Asker: 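My questions all concern the structure below.
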Amino acid sequence: EGCIMAPSRRLGTSFVLLILGVLDHCGSVFSMGKRTSAPQGKAEDMSLMSHERVKRGWVWNQFFVVEEYTGTEPLYVGKIHSDSDEGDGSIKYTISGEGAGTIFIIDEITGDIHATERLDREEKTFYTLRAQARDRLTDRPLEPESEFIIKVQDINDSEPKFLEGPYIGSVPELSPIGTSVMKVTASDADDPTYGSSARVVYSVLDGERFFTVDSRTGVIRTAVADLDRETQDRYELVVKATDMAGQMGGLSGSTTVTIVITDVNDNPPRFPQKMYQFSVSEGAPVGTPVGRVMAEDADMGENTDMSYFIVDEEGGELFRVTTDGDTQEAVIIVRKPLDFESKRTHNVVVEAVNKHVDPRFVDLGSFRDQTIVRVSVTDTDEPPLFRPPEGVILAVQEDARLGALVGIVTAMDPDMENAPVRYSIDRGTDQEKIFNIDPVTGAITLGKILDRETAGWHNITVMAVEADNASQSSKTSVSIRILDVNDNPPELATPYEASICEDAKPGQLIHTISVVDRDEPQTGHRFYFTLAPEAANNRHFTLWDVKDNTAGIRTQRTGFNRREQNVYLLPILVVDSGPPALSSTGTLTIRVCGCDTDGTIQSCNSTAYVMSAALSPGALIALLVCMLILIVLVLLILTLKRHRKGQRMSEDEEDMRDNVIKYNDEGGGEQDTQAYDMSALRSLYDFPEVKGADSGPDLRSLPQWIQSHNSEGEGPADFSVFRGYIRKKVEQADADLSVPPYDSFQTYAFEGSSSPALSLSSIHTLSTTSEQDFSYLANWGPRFRQLASLYAAGHPEEEGS
């Protein structure tokens with residue numbers, strides 16, 4: 001009595017009695033709160049108790065209610081009860097929380113809880129509620145509020161479902177037994193923790209002969225090893241999933257599985273025919289397609305990709321084969337020009353081979369096949385054919401006469417009729433008509449004189465046409481080489497100049513010369529060097545033939561003086577090896593230069609030019625400005641000194657600087673003494689005879705050394721020193737071969753010896769304060785001109801010099 005039980009429910013044919021909780025002595029289902037003290041009349045009974053009753057909490061954690069209840073009355077869930085309830089209806093029971101008052105209702109007096117709606121565990125598995133006991137009159141809580149759970153108990157009401165179906169898988173053909181294909185999975189919405197409602201097993205309903213499925217994992221595997229894609233390329237399976245571990249009464253679901261059999265290269269290529277026939281014209285150009293053949297393959301995809309080859313030597317020489325990537329056909333193409341007259345039929349062996357061979361099936365048979373392609377060549381009218389076809393190279397001497405035979409070109413009609421051929425030269429390649437050709441024989445002759453140095457090669461085009469059909473023509477190139485003849489003399493490579501130091505030693509190599517020759521002898525150039533006959537006895541330089549088409553110039557004496565001669569011209573004779581041997585003479589210019597102690601050239605006659613060429617424009621301008629300032633300063637000083645001297649000069653002294661005679665007649669040369677009157681010059685510069693000490697102003701105007709000479713009583717001044725010096729300079733000028741052979745101006749810069757004046761330097765003159773020295777400097781130039789004129793008047797035979 002007092003034990004609360006959940007009502008039983010029928011699960012199939014079974015009853016389940018669920019005991020929710022048993023309190024001590026099977027008292028009330030729920031004991032809420034604590035026992036209050038006994039009434040006063042019963043105190044003696046309470047004292048006899050061995051212990052006191054204390055507060056007890058909830059002794060349960062959840063109620064159970066079966067899902068999917070289909071009865072007409074509310075389903076009893078359980079009962080709540082307070083131990084303070086005396087059964088007189090003074091206590092009111094209430095619940096709150098999820099579903100309270102709607103899904104779940106309670107009897108306020110008895111505390112019985114009922115479910116009023118049909119519950120679905122797959123939608124909500126439990127409900128959380130709170131229980132409360134209150135005084136019915138005062139609504140005062142008699143017990144603290146307590147929480148409890150009502151759990152929805154599962155029944156097997158959901159069948160397994162394949163959520164990812166339909167399934168499509170694949171497996172290669174000829175796979176071994178047990179090859180995994182794919183995995184299928186079914187889901188059951190029932191509670192997997194309660195009973196076997198969600199425990200699923202798999203089986204094959206249709207197609208079990210070829211495939212199996214693992215009952216626990218759902219993995220599908222092959223059941224046979226002879227799956228052949230070429231026989232059947234796909235299979236449809238029905239896979240079933242059953243819950244309750246496959247026991248009777250369980251629910252089930254099924255799905256369709258499509259298994260595609262993929263291809264492997266297990267079939268070789270095969271030609272449908274063992275022979276194919278095509279025809280092509282002999283005039284078909286290289287690259288012309290002849291025909292197409294194709295080998296068949298039962299496989300699919302890349303396993304049908306093929307490569308084609310020509311395996312016979314003759315066919316491979318005239319034809320080639322390629323594979324059409326789109327159609328996998330073999331295309332036979334002309335590789336070389338065909339000739340009907342040589343051979344009219346060609347048998348070409350073509351082989352087809354799979355590109356992607358599966359090594360597992362090589363033993364099944366050869367993965368290649370062959371067929372014969374017969375190609376018939378048809379005849380066409382062909383143009384003349386030159387022999388050789390790639391062009392002709394001819395050669396002719398550059399000194400060949402007009403009409404000389406250069407060479408012969410040959411062409412013939414390749415057709416069986418062998419029509420006659422006529423030749424001509426394409427004048428677009430020979431506009432100057434240097435060559436002619438015989439229209440019948442093809443002989444090329446010379447139409448103009450040749451010059452190898454102008455053009456060493458001539459390229460012309462020769463055309464050949466059939467005599468009876470001008471439309472059949474062909475052309476070939478003829479290259480004509482002009483052979484060299486020694487018709488150009490060798491020449492020195494120009495310009496050729498050399499420089500030597502003034503202190504050069506005998507035997508010193510100062511320059512190496514080479515030559516150029518426009519000819520190109522087949523045996524190569526060989527040149528010989530010697531000095532020209534007019535320089536054979538040259539005492540300054542010698543020539544050394546190195547024997548390698550070069551020559552060296554060496555010095556032959558010690559020391560050179562550029563003041564005496566700064567340029568030497570050395571004529572050199574060069575002879576080639578012929579035949580015939582030709583020669584020429586070239587001149588080597590040798591300049592004498594000043595050098596430092598290391599032999600480095602410092603300056604030559606052209607130093608100023610070299611410096612100006614090497615300086616920048618700004619540096620040249622600055623140098624010219626400095627020089628101009630220096631000249632102005634010198635002129636200013638000279639003007640001041642001349643002004644001082646002019647104040648002291650005697651008024652009756654003759655100023656020879658004013659006696660200038662202008663003579664613009666060139667005359668008739670050295671022997672012409674009548675071209676002009678010498679008397680004017682003689683009278684102007686006529687020196688009076690010097691007698692004793694009374695020489696007058698003329699004697700005073702002469703240099704001091706002349707005056708001192710007369711003052712000592714040695715008689716008239718002796719001008720033999722000037723005469724000897726002038727004669728020596730004339731002889732040197734006549735003997736110098738480096739100067740042109742015509743009259744030229746000579747500078748006689750002779751100071752003399754033992755001069756009391758010591759120096760004629762203008763700097764020295766400016767630095768002294770002696771008026772006597774300045775007078776000497778001012779009068780020396782005119783007096784020397786007087787002496788030179790007197791000498792020339794007395795020696796008319798040397799007047800030109």
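What you see is a predicted model; the values in this text were computed from it and never measured.
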Asker: Do you know which of L531, N538, T585 makes side-chain contact (heavy atoms from CB on, under 4.5 Å) with P571?
Answerer: T585
Asker: First locate atom CG of D326, then atom CG of D324, and finally report the distance between them rounded to the nearest 0.5 Å.
Answerer: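 The CG atom of D326 sits 5.5 Å away from the CG atom of D324.
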Asker: Roughly how far apart are D305 CG and K355 NZ, rounded to 0.5 Å?
Answerer: 5.5 Å
Asker: From K448 NZ over to F435 CZ, what is the distance, rounded to the nearest 0.5 angstrom?
Answerer: 11.0 Å
Asker: State the CD1-CG distance between I437 and D426, to the nearest 0.5 angstrom.
Answerer: 11.5 Å
Asker: How about C501 and C595 - are their SG atoms less than 2.5 Å from one another?
Answerer: yes
Asker: Run the side chain to side chain contact (heavy atoms under 4.5 Å, CB included) check on F541 and R554 step by step: do they pass?
Answerer: CA-CA 6 Å; F541 305 98; R554 299 180 182 272; over 6 Å; no
Asker: Does R562 count as lying over the ring of F560, i.e. NZ or CZ under 6.0 Å from the six-ring centre, within 45 degrees of the axis?
Answerer: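 No, R562 does not sit over the ring of F560.
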Asker: Given N488 and D519, is the side-chain hydrogen bond (donor to acceptor under 3.5 Å, both in side chains) satisfied, shown in steps?
Answerer: CA-CA 6 Å; N488 292 280; D519 295 319; 2.9 Å; yes
Asker: Starting at CD1 of I449, measure out to CD of E398 and round the result to the nearest 0.5 Å.
Answerer: 10.5 Å
Asker: Quick one: do the N469 and S471 side chains pair a donor with an acceptor below 3.5 Å?
Answerer: yes
Asker: Using 4.0 Å as the upper bound for N to carboxylate O, is an ion pair formed by K343 and E282?
Answerer: no
Asker: Between H540 and R557, does any side-chain donor sit less than 3.5 Å from a side-chain acceptor?
Answerer: yes
Asker: Using a distance-only test with no angle check, is there a side-chain donor-acceptor pair under 3.5 angstrom linking N486 and D576?
Answerer: yes
Asker: Between D297 and N303, do the side chains contain an N or O donor and an N or O acceptor separated by less than 3.5 Å?
Answerer: no
Asker: Side chains of T304 and D299 only: does a donor on one sit below 3.5 Å from an acceptor on the other?
Answerer: no
Asker: Are E453 and R518 within salt-bridge range, i.e. N to O under 4.0 Å?
Answerer: no
